[in-house]
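Both ligands and their constituent atoms are indexed starting at 1 by order of listing. Just so we're clear, the structure is a prediction, and the values are computed from it rather than from any experiment. In this chain, residues are counted from 1 in sequence order.
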Amino acid sequence: MRFVVRTHSPEETRLLGEILADLAGEGALFALGGDLGAGKTVFIQGVARALGIDEVVTSPTFTLVNEYHGRCPLYHVDLYRMSGPVDVWDLGLEDYLEGRGVVAVEWADKAGELLDLPLVWKLFFSISGKEEREIEVVPPPEVEVSKLKEALTLGGFEVLEWRGF
Ligand code: ADP
Ligand code: MG
């Protein structure tokens, strides 16, 4: 199943991150793709908010991973600077993936194995206007579609497309 949401402001993208993180719970993995400036970091700011983290979340620039502590840990990984395909196990990401924390990875397509892990939410961000973004979401199969639809409706999201059910 997949769906496409359109957001009209950074705050709306943040709210999407917050809502999806609430649904996903501990141990979730968000694998994010899409161009620079498309809103991946902004989305993760919403994930952080869902976990009660009030530190400012910015992309890890000099490190590969930023770690935050809220209701559960949040590991924010950015593979932007990695040239070529990345081996998740070489990077030592398994410690994060096996814990109860939430893992959010920008440029996840550089580490293809991530996309096949259990509980992975795949998100692809596109810039469709100055303040407009289209976000394609593939939730893990375990997710209850009715709950997802309800949460998106409550959030007032513009859903462009539902596919696969
Ligand atoms: P990425 O991490 O994908 O490179 P960022 O989240 O760092 O992108 O940056 C997104 C930029 O786009 C921010 O400057 C943000 O203010 C701006 N922006 C404008 N509209 C939106 C929107 N609808 N959703 C997310 N970001 C938006
Ligand atoms: Mg970023």
- Message: Restricting to non-hydrogen atoms, name the atom on V137 and the atom on W121 that form the minimum distance, rounded to 0.1 Å.
- Response: CG1-CE3, 3.9 Å

- Message: I'd like to know whether L20 forms a side chain to side chain contact (heavy atoms under 4.5 Å, CB included) with L148, so could you lay out the CA-CA distance, the side-chain angles of the two residues, the decisive distance to 0.1 Å, and finally the verdict.
- Response: CA-CA 8 Å; L20 296 188; L148 185 58; 3.9 Å; yes

- Determine the interplanar angle of the F43 and F30 rings, folded into 0 to 90°, and report it as parallel if under 30°, tilted if 30 to 60°, perpendicular if over 60°. perpendicular

- Report the nearest protein non-hydrogen atom to atom 21 (C) of ligand 1: residue, atom name, distance rounded to 0.1 Å. P10 N, 3.7 Å

- Does atom CG of D95 have more than 12 heavy-atom neighbours, drawn from other residues, nucleotides or ligands, at distances under 6.0 Å? yes

- Heavy-atom protein neighbour under 4.0 angstrom from atom 4 (O) of ligand 1: yes

- Query: Considering only heavy atoms from C-beta outward, does the side chain of L29 approach that of V120 to under 4.5 Å?
  - Reply: yes

- Query: Just which atoms of ligand 1 are under 4.0 Å from any heavy atom in K130?
  - Reply: 19 (C), 20 (N)

- Note on the structure: Residues G155 and I19: closest non-hydrogen pair is CA-CD1, 4.0 Å

- Query: Where the closest heavy atom to atom 24 (N) of ligand 1 is concerned, which of I127, L32, V42, T13 has it?
  - Reply: T13

- Task: List the atom of S126, the atom of A38, and the distance in Å for their closest heavy-atom pair.
- Result: N-CB, 4.5 Å

- Message: With heavy-atom distances below 4.0 Å as the criterion, list the atoms of ligand 1 near S9.
- Response: 21 (C), 22 (C), 23 (N), 24 (N)

- Would you say E106 touches ligand 1, if touching means a heavy atom closer than 4.0 Å? yes

- Parallel, tilted or perpendicular: which fits the ring planes of W162 and F3, with parallel below 30° and perpendicular above 60°? tilted

- Message: Can you report which non-hydrogen protein atom sits closest to atom 10 (C) of ligand 1, along with the distance?
- Response: G37 O, 3.3 Å

- Message: So that I can check it, does any N, O or S atom in Y80 come closer than 2.8 Å to the Mg ion (ligand 2)?
- Response: no

- Contact partition for T41 relative to ligand 1, non-hydrogen atoms under 4.0 Å: both

- Would you mind naming the N, O or S atom of E106 nearest to the Mg ion (ligand 2)? OE1

- Query: By number and element, which atoms of ligand 1 are closer than 4.0 Å to a non-hydrogen atom of D35?
  - Reply: 3 (O)

- ligand 1 atoms in contact with L36 (distance to a heavy atom under 4.0 Å): 4 (O)

- Nearest to atom 17 (C) of ligand 1 by heavy atom, E134, E131, R133: which? R133

- Message: I'd like to know if S59 contacts ligand 1, where contact means a heavy-atom distance under 4.0 Å to any ligand atom.
- Response: no

- Query: Are any of the heavy atoms in D78 under 4.0 Å away from ligand 1?
  - Reply: no

- Item | Among E161, E136, E132, salt bridge (charged side-chain N to carboxylate O under 4.0 Å, His left out) partner for R6 | E132

- Task: Using only heavy-atom distances, determine whether the side chains of H76 and E106 contain a donor-acceptor pair under 3.5 Å.
- Result: yes

- Item | Residue and atom name of the nearest protein heavy atom (relative to atom 8 (O) of ligand 1), distance in Å to one decimal | G39 N, 3.2 Å

- Query: What atoms of ligand 1 come closer than 4.0 angstrom to any heavy atom of K40?
  - Reply: 1 (P), 2 (O), 3 (O), 4 (O), 6 (O), 8 (O)

- Message: Between ligand 1 and R14, can you find any atom pair, the residue atom being a heavy atom, that is separated by under 4.0 Å?
- Response: no

- Query: When you check the gap from the basic side-chain N to the acidic O, do E150 and K147 get nearer than 4.0 Å?
  - Reply: no

